[in-house]
Amino acid sequence: MSSNPTSPEKSPHILVLGMGGTIAGLASQSEDDPRKYQAGQVSVDSLLAHIQSAVPDGIQLVPHQVANINSRNLSDSLLTKLGSTVRDSLANPAVLGIVITHGTDTMEETGLFLQATSGKYAQTLGKRVILTGAMLPANAPQPDGPSNLLDAIRWASTPIDNCPGGIYAVMDGRGCMAMDLAKRHGTALNAPLQDSPSSSVGLINPSWLSGVKALQAVWSEDLPIPKLAEWPWVEILTSHAGARAETINHWLTSDVEGLVLAGSGIGGFHDEWVEPLNQAISHGIALVRTSRTGGGSTYPDIPEKDAPGCMASGTLTAPRARIALQLAINAAKQEKLNGKPLTWQDFFARIASLPEIR
Ligand code: SIN
C-alpha cells in the first residue's frame, strides 16, 4: 500500500473485499489444536497490513469490508450485497482488479454466483476478480492466508500470460475459474480446488487457459442479481438407501420454488421419490438432478428419462446447481415481467451446458 498524495480510492488500485472466513480467523492461544478457531475475526485492513511489505511495488490496495462471517452462514442478502459491490466496482475506472477474501466452505457458491452475474462484465472490461481464502487461521504458526492473498493480488494486478478478465479463485499456489471450485476435503490446504481444473499461479498452463477462453466465448450474457426479496427458495435433497416419499411430500405444501436432487452415482434417485416428484412438477416446482458423488457429470435422460420440468445439472455440483437454479428462476421471472417467453430451463441450460475445462 504505497502512499499516494491523492485519495487511494480515486487512483488506480486493486480493491480487496473482505467477507471473513478462516483467512480472517483466530485460534484461541490456549488451544493446542489450530482447527479450533473462530472464522471472521480479523478485518481486511489488518490482513493487508500484515502482507504490506511483500506487496510488489506500484500496486495500490484499497480494502473494503463487506462482511466478516463464517461462510457457512452465507445468505442470499450477502450474495446480493457482494454481487452489487463487485459490479459497481468493476464499473469504476480506478479499480484495476478485485480480490475477495472469503471462507472456503461456501466459496463454491459465491464463485458460481459471481461467474453467472458478472463473468461477462469482468471479461469485457478485461478485469480479474479473484476469490481467495485459507484453511488455517490467521494466527496459526504457519498460516496459508498471507501467501494465498499475495498470489491473488498478483493474479488480479499483473498481465499474466494473456489470462483474460473474468472470475477466478486462487488457493495453495493454484488458480481456477471460480465456477469450478468444489470443496472436497475438510482440512487439506488445497481443499476448495483440489479436484478442479486449474493452473499453477506461477506458470499458466496453456491448455487450462484455452479451456477458460472456450468457456468465456460461450458465456454471452450475465444473469441479473436477485434483489433481496426476489431470491427463490431452493433446497438440496439427497437420495440415499432407505429414502422416503415423505422427504419430497413435505415440500408440496410449502413455498419452495425449486429442488436440487443429489442422486446417487450418475444422478439416479430412489424409486420412492418418483411419484412425489411428479407431483412436485405438477405443483410448478423446478427440479434439477445432480450427483451426490460431487464429481463427474449428470447427463439428461440418464439413468432414466427425465420428466418434463426436471433438468440434469451437467458438471454442476449440488451447491452450484442450487445457486444456478435460483438465478435461472429469478431471470425467467424478470423476463416474464418484460413480456419475454424464456423459461428457467433456458437460463439454467446456459450455465449447465458451459464447456468443461480439462
Ligand atoms: C469459512 O468458510 O468461513 C470457514 C472455513 C474456511 O474458511 O476454510
Side-chain angles (χ1 to χ4, degrees), residues 1-29 34 37-69 71 85-86 89 92-104 107 127-161 163 165 168-176 178 189-193 198-204:
M1 286 176 286
S2 59
S3 63
N4 193 301
T6 60
S7 150
E9 287 81 3
K10 292 197 174 133
S11 48
H13 63 269
I14 300 296
L15 180 66
V16 185
L17 301 176
M19 288 290 286
T22 296
I23 191 168
L26 288 179
S28 152
Q29 294 302 333
Y37 65 90
Q38 294 266 338
Q41 303 297 302
V42 181
S43 70
V44 66
D45 308 46
S46 307
L47 297 182
L48 293 184
H50 191 69
I51 58 159
Q52 185 174 356
S53 59
V55 173
D57 284 348
I59 298 180
Q60 180 150 285
L61 303 173
V62 172
H64 176 69
Q65 197 81 49
V66 177
N68 212 350
I69 59 161
S71 79
T85 306
V86 166
S89 307
N92 178 350
V95 173
L96 304 177
I98 302 174
V99 169
I100 306 172
T101 56
H102 196 293
T104 64
M107 212 188 245
K127 297 182 182 182
R128 289 185 218 117
V129 178
I130 318 290
L131 280 160
T132 195
M135 295 298 291
L136 297 168
N139 62 346
Q142 289 184 303
D144 54 334
S147 59
N148 288 341
L149 185 50
L150 278 165
D151 280 344
I153 289 166
R154 285 194 202 102
W155 190 298
S157 58
T158 31
I160 26 170
D161 289 346
C163 182
Y168 300 93
V170 161
M171 286 285 292
D172 196 37
R174 298 198 70 82
C176 69
L189 294 185
N190 65 353
L193 51 63
S198 65
S199 168
S200 151
V201 296
L203 188 63
I204 299 283

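The CG atom of Leu96 lies 9.0 Å from the OG atom of Ser11; values are rounded to the nearest 0.5 Å. With values rounded to the nearest 0.5 angstrom, Leu189 atom CG is found 14.5 Å from Arg174 atom CZ. In this structure, CD on Gln41 lies 7.0 Å from CG on Asn68, to the nearest 0.5 angstrom. To the nearest 0.5 Å, the span separating CD on Gln60 from CG on Leu15 amounts to 11.5 Å. The structure places OH of Tyr168 at 10.5 Å from OG of Ser199, a figure rounded to the nearest 0.5 Å.
Side-chain contact annotation: Tyr37 with Ser28, donor-acceptor N/O pair under 3.5 Å absent.
Between Ile14 and Ile59, the closest side-chain pair of non-hydrogen atoms falls below 4.5 Å. The shortest distance between side-chain heavy atoms of His64 and Thr85 falls below 4.5 Å. Here the side chains of Leu48 and Ile153 are in contact, with some heavy-atom distance below 4.5 Å. Residues Thr104 and Met171 are in side-chain contact: their nearest non-hydrogen atoms beyond the backbone lie under 4.5 Å apart. Inter-residue side-chain proximity for Leu17 and Ile98 is flagged as met; some heavy-atom pair is nearer than 4.5 Å. Proximity of Ile130 to Ile100: side-chain heavy atoms (C-beta onward) are nowhere separated by under 4.5 Å. In this structure, the side chains of Leu136 and Gln142 stay at 4.5 Å or more apart for every pair of heavy atoms. Residues Leu61 and Val55 are in side-chain contact: their nearest non-hydrogen atoms beyond the backbone lie under 4.5 Å apart.
A donor-acceptor pair is defined here as one N or O able to donate and one able to accept, closer than 3.5 Å; such a pair exists between the side chain of Lys127 and the backbone of Val95. Side chain of Arg128 to backbone of Cys163: a donor-acceptor contact under 3.5 angstrom is found. Formation of a donor-acceptor pair under 3.5 Å by the Asp144 side chain with backbone atoms of Met135 is found in this model. In this structure a side-chain-to-backbone donor-acceptor pair under 3.5 Å is missing from Ser46 to Val42. Distance alone, capped at 3.5 Å, is enough to place a donor-acceptor pair between the Gln65 side chain and the Val44 backbone. No donor-acceptor pair closer than 3.5 Å links the side chain of Gln52 to the backbone N or O of His50. Of the possible donor and acceptor atoms, one in the side chain of Thr132 sits under 3.5 Å from a partner among the backbone N and O of Val170.
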Test side-chain contact (heavy atoms from CB on, under 4.5 Å) on Val62 and His13; report intermediate values, then the result.
CA-CA 7 Å; Val62 172; His13 63 269; 3.5 Å; yes
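Nearest heavy-atom pair, His102 versus Ser71, reported as atom, atom and distance to 0.1 Å: CE1-CB, 3.8 Å. In this structure, Pro137 and Gly25 approach most closely via the heavy-atom pair CB-O, 3.5 Å. The two residues Val99 and Ala152 have their closest heavy-atom pair at CG2-O, 3.6 Å. Closest non-hydrogen pair, Asn148 versus Asp172, comes out as OD1-N, 2.9 Å. Closest heavy-atom contact between Pro143 and Ala138: CG-O, 3.7 Å. Across every non-hydrogen atom of Gly20 and Ile23, the tightest pair is O-CG2, 3.5 Å.
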